[in-house]
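Just so you know, ligand 1 is whichever comes first in the structure, and atom 1 is the first atom listed for that ligand.
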Amino acid sequence: MNPYDETAPAPEERIVGAAAEGDDQAVEAALRPKDLGEFIGQEKVRQQLDLVLRAARQRGATADHVLLSGAPGLGKTTLSMIIAAEMNAPIRITSGPAIQHAGDLAAILSSLQEGEILFLDEIHRMSRPAEEMLYMAMEDFRVDVIVGKGPGATAIPLDLPPFTLVGATTRAGLLPPPLRDRFGFTAHMEFYGPRELERVVVRSAGLLDVEIDPAGAAEIAGRSRGTPRIANRLLRRVRDYAQVKADGVVTREIAATALGVYEVDGRGLDRLDRAVLEALLKLFGGGPVGLSTLAVAVGEERETVEEVAEPFLVREGLLARTPRGRVATPAAWAHLGLVPPQVAGPVPGADQAGSGQQGLFGS
Ligand SMILES: Nc1ncnc2c1ncn2[C@@H]1O[C@H](COP(=O)(O)OP(=O)(O)OP(=O)(O)O)[C@@H](O)[C@H]1O
């Protein structure tokens, strides 16, 4: 099971979904930071990448191949464009699923200019033959183009201009080691902290000409699930509300009310997330309960609960997956303002007699 699987079933378009949806792409182009200085957060990645790029520039060489991994919406595409800008090089953008045949890749590689950045999104979804061609292209800047079929087929070597491959993946673990090893620099992008997201919101508000006060920005940041793409989307919905229902200025109260209309709560949970938590707490006393039972209780597919709702609930420390089933954490009870039931009798190994929680969450 993959928490970041873009192909996971979505019950509906989610305002808190991390994948690009609706009008995201059109607006995102305008909101993308253009250089490393403008890129907010990810300090380590920024520092390391800055060194890699500076060194390449000083040597007058193309930069090493770069692998960016992390959940959707954290800025992988943005960073690839920044790499191109910092190297003053053109960029070609494609994705793993678009390259089904080795020939598709050969066509792209052979038309690259010297120093060009090739951004390959979802690199883990490339076909095997294309992947194998990429090994040689990355290492030797050469591909073998196969002409003909069967016993008469011949491989014609084709030299490529030096280029920089920037691969992006939500699932670094799925990359075969020979491919992973050919990247000179690998960066893992983390979820953003609230302060960083606040800066993302303030920056985007400036670009969109939205008046926002710091508390309004903090309110949106706190509901953005650690993801700049979600922060930008929530900002746009709050802007609409502020414009239609108020004087256009985004304050904490306006942001909270607007996001309440879209059913995004103070911690970024949406209707589905809360339905799962509520069922777990109110119907099953906090668990443990099996996934299928939980899914039936909320009227969703098992996969939807497992792949759409649970990853964020687990990340937030609201739900735990245990061998005996799904279990709510104390934070889940607190978040929904409910009191956990008292369990009668001492629980073996518990040091808080009577709380019953050691039995559920212990070890
Ligand atoms: N560090 C950042 N500072 C400011 N804005 C950011 C940052 N990272 C991402 N964004 C904004 O978030 C949006 C999504 O970023 P981007 O498209 O680069 O994500 P991604 O990781 O490539 O997503 P996907 O995996 O879905 O392709 C863009 O509009 C971008 O401007």
Side-chain angles (χ1 to χ4, degrees), residues 2-8 10 13-50 66-86 91-98 117-126 166-172 174-175 186-208 210 212 217 220-221 223-237 239 308 311:
N2 163 35
Y4 310 135
D5 191 352
E6 318 86 280
T7 58
E13 216 171 68
R14 299 177 89 201
I15 191 169
V16 291
E21 285 167 2
D23 65 345
D24 281 345
Q25 268 161 0
V27 185
E28 278 182 0
L31 297 181
R32 283 188 203 287
K34 304 276 183 285
D35 57 41
L36 275 180
E38 262 188 76
F39 193 81
I40 293 164
Q42 310 286 347
E43 286 314 321
K44 278 263 145 9
V45 172
R46 245 167 10 107
Q47 268 177 19
Q48 294 166 351
L49 197 54
D50 185 42
V66 175
L67 178 65
L68 304 171
S69 71
L74 297 187
K76 298 184 294 298
T77 308
T78 305
L79 262 190
S80 75
M81 291 180 173
I82 288 177
I83 291 172
E86 299 269 346
I91 181 167
R92 184 87 56 95
I93 296 182
T94 185
S95 72
I117 309 295
L118 175 62
F119 178 59
L120 200 41
D121 203 3
E122 300 185 67
I123 191 168
H124 59 277
R125 293 178 64 193
M126 217 173 18
V166 179
T169 181
T170 50
R171 309 184 71 178
L174 277 193
L175 287 192
T186 301
H188 180 70
M189 322 253 314
E190 303 285 349
F191 286 100
Y192 291 66
R195 290 263 164 271
E196 293 163 342
L197 282 181
E198 218 176 296
R199 285 168 56 205
V200 171
V201 171
V202 169
R203 176 180 174 277
S204 299
L207 292 171
L208 295 173
V210 176
I212 190 164
I220 296 173
R223 298 178 187 225
S224 301
R225 300 162 78 113
T227 308
R229 170 173 291 137
I230 299 177
N232 284 339
R233 191 184 301 137
L234 296 186
L235 169 66
R236 277 160 24 228
R237 296 294 74 83
R239 169 190 63 178
V308 181

(message) Considering Ser95, Ala19, Gly73 one by one, which has a heavy atom nearer to atom 23 (O) of ligand 1 than any of the others?
(response) Gly73
(request) List every atom of ligand 1 that sits less than 4.0 Å from any heavy atom of Phe39, numbering the atoms from 1 in the order shown and giving each element. (result) 1 (N), 2 (C), 7 (C), 8 (N)
(request) Check each of Ile212, Leu197, Val202 against Ile220 using the side-chain contact (heavy atoms from CB on, under 4.5 Å) test, and report the only one that passes. (result) Ile212
(request) Under 4.0 Å from a heavy atom of Thr78: give me the atoms of ligand 1 that qualify, with their elements. (result) 15 (O), 16 (P), 18 (O), 30 (C)
(message) Starting from atom 4 (C) of ligand 1, what is the nearest protein heavy atom, named by residue and atom, and what distance separates them?
(response) Pro33 CG, 3.4 Å
(request) Please report which non-hydrogen protein atom sits nearest to atom 22 (O) of ligand 1, along with the residue it belongs to and the distance in Å to one decimal place. (result) Thr77 OG1, 2.6 Å
(message) As an exercise, identify every atom of ligand 1 less than 4.0 angstrom from a heavy atom of Pro72.
(response) 23 (O), 25 (O), 26 (O)
(message) Students should be able to answer this: which protein heavy-atom is nearest to atom 1 (N) of ligand 1, and at what distance?
(response) Ile40 O, 2.7 Å
(message) Side chains of Asp121 and Thr94, heavy atoms from C-beta outward: is any pair under 4.5 Å?
(response) no
(message) In this structure, does ligand 1 have an atom that sits under 4.0 Å from one of the heavy atoms of Gly41?
(response) no
(request) Just need the protein heavy atom nearest to atom 19 (O) of ligand 1, so name the residue and atom and give the distance. (result) Gly75 N, 3.1 Å
(request) Please could you name the atoms of ligand 1 that Leu31 approaches to less than 4.0 Å, counting only its heavy atoms? (result) 31 (O)
(message) Please check whether Tyr192 reaches ligand 1 - meaning an N/O of the residue sits under 3.5 Å from an N/O of the ligand, judged on distance alone.
(response) yes
(message) Please identify which of these residues, Arg236, Arg229, Arg233, meets the salt bridge (charged side-chain N to carboxylate O under 4.0 Å, His left out) condition with Glu28.
(response) Arg229
(message) Quick test of your reading of the structure: of Arg46, Lys76, Gln42, whose heavy atom lies closest to atom 20 (P) of ligand 1?
(response) Lys76
(request) Check whether any side-chain heavy atom of Phe39 lies under 4.5 Å from a side-chain heavy atom of Arg46, and answer yes or no. (result) yes
(request) Check each of Leu36, Leu74, Val166 against Leu79 using the side-chain contact (heavy atoms from CB on, under 4.5 Å) test, and report the only one that passes. (result) Leu36
(message) I need the contact type for Leu79 against ligand 1. Using non-hydrogen atoms and a strict under-4.0 Å cut-off, is it side chain, backbone, both or neither?
(response) neither
(request) Answer side chain, backbone, both or neither: which part of Asn232 comes under 4.0 Å from ligand 1, heavy atoms only. (result) side chain
(message) Regarding atom 26 (O) of ligand 1: of the candidates Met81, Arg233, Arg229, which has the closest heavy atom?
(response) Arg229
(request) Let me see the working for Ser95 and Leu120 under side chain to side chain contact (heavy atoms under 4.5 Å, CB included), right down to the final yes or no. (result) CA-CA 5 Å; Ser95 72; Leu120 200 41; 5.5 Å; no
(message) Any salt bridge linking Glu38 with Arg203? Criterion: basic side-chain nitrogen under 4.0 Å from a carboxylate oxygen.
(response) yes
(message) Just to confirm my output: which protein heavy-atom neighbour is closest to atom 29 (O) of ligand 1, and how far is it?
(response) Glu28 CG, 3.0 Å
(request) Locate the shortest heavy-atom distance separating Leu234 from Ser224; write the atom from each residue and the value. (result) CD1-OG, 3.8 Å
(message) To the closest 0.5 Å, what do you measure between OG1 (Thr227) and CE (Met189)?
(response) 10.5 Å
(message) Between Ile82 and Lys34, is there a side-chain heavy-atom distance shorter than 4.5 Å?
(response) no
(request) Any atoms of ligand 1 less than 4.0 Å from a non-hydrogen atom of Asp121? List them with their elements. (result) 27 (O)
(message) Quick test: of every protein heavy atom, which one is nearest to atom 10 (N) of ligand 1, and how far off is it to 0.1 Å?
(response) Pro228 CB, 3.5 Å
(message) What I'd like to find out is whether the side chain of Ile15 reaches to under 4.5 Å of the side chain of Arg237, using heavy atoms alone.
(response) yes
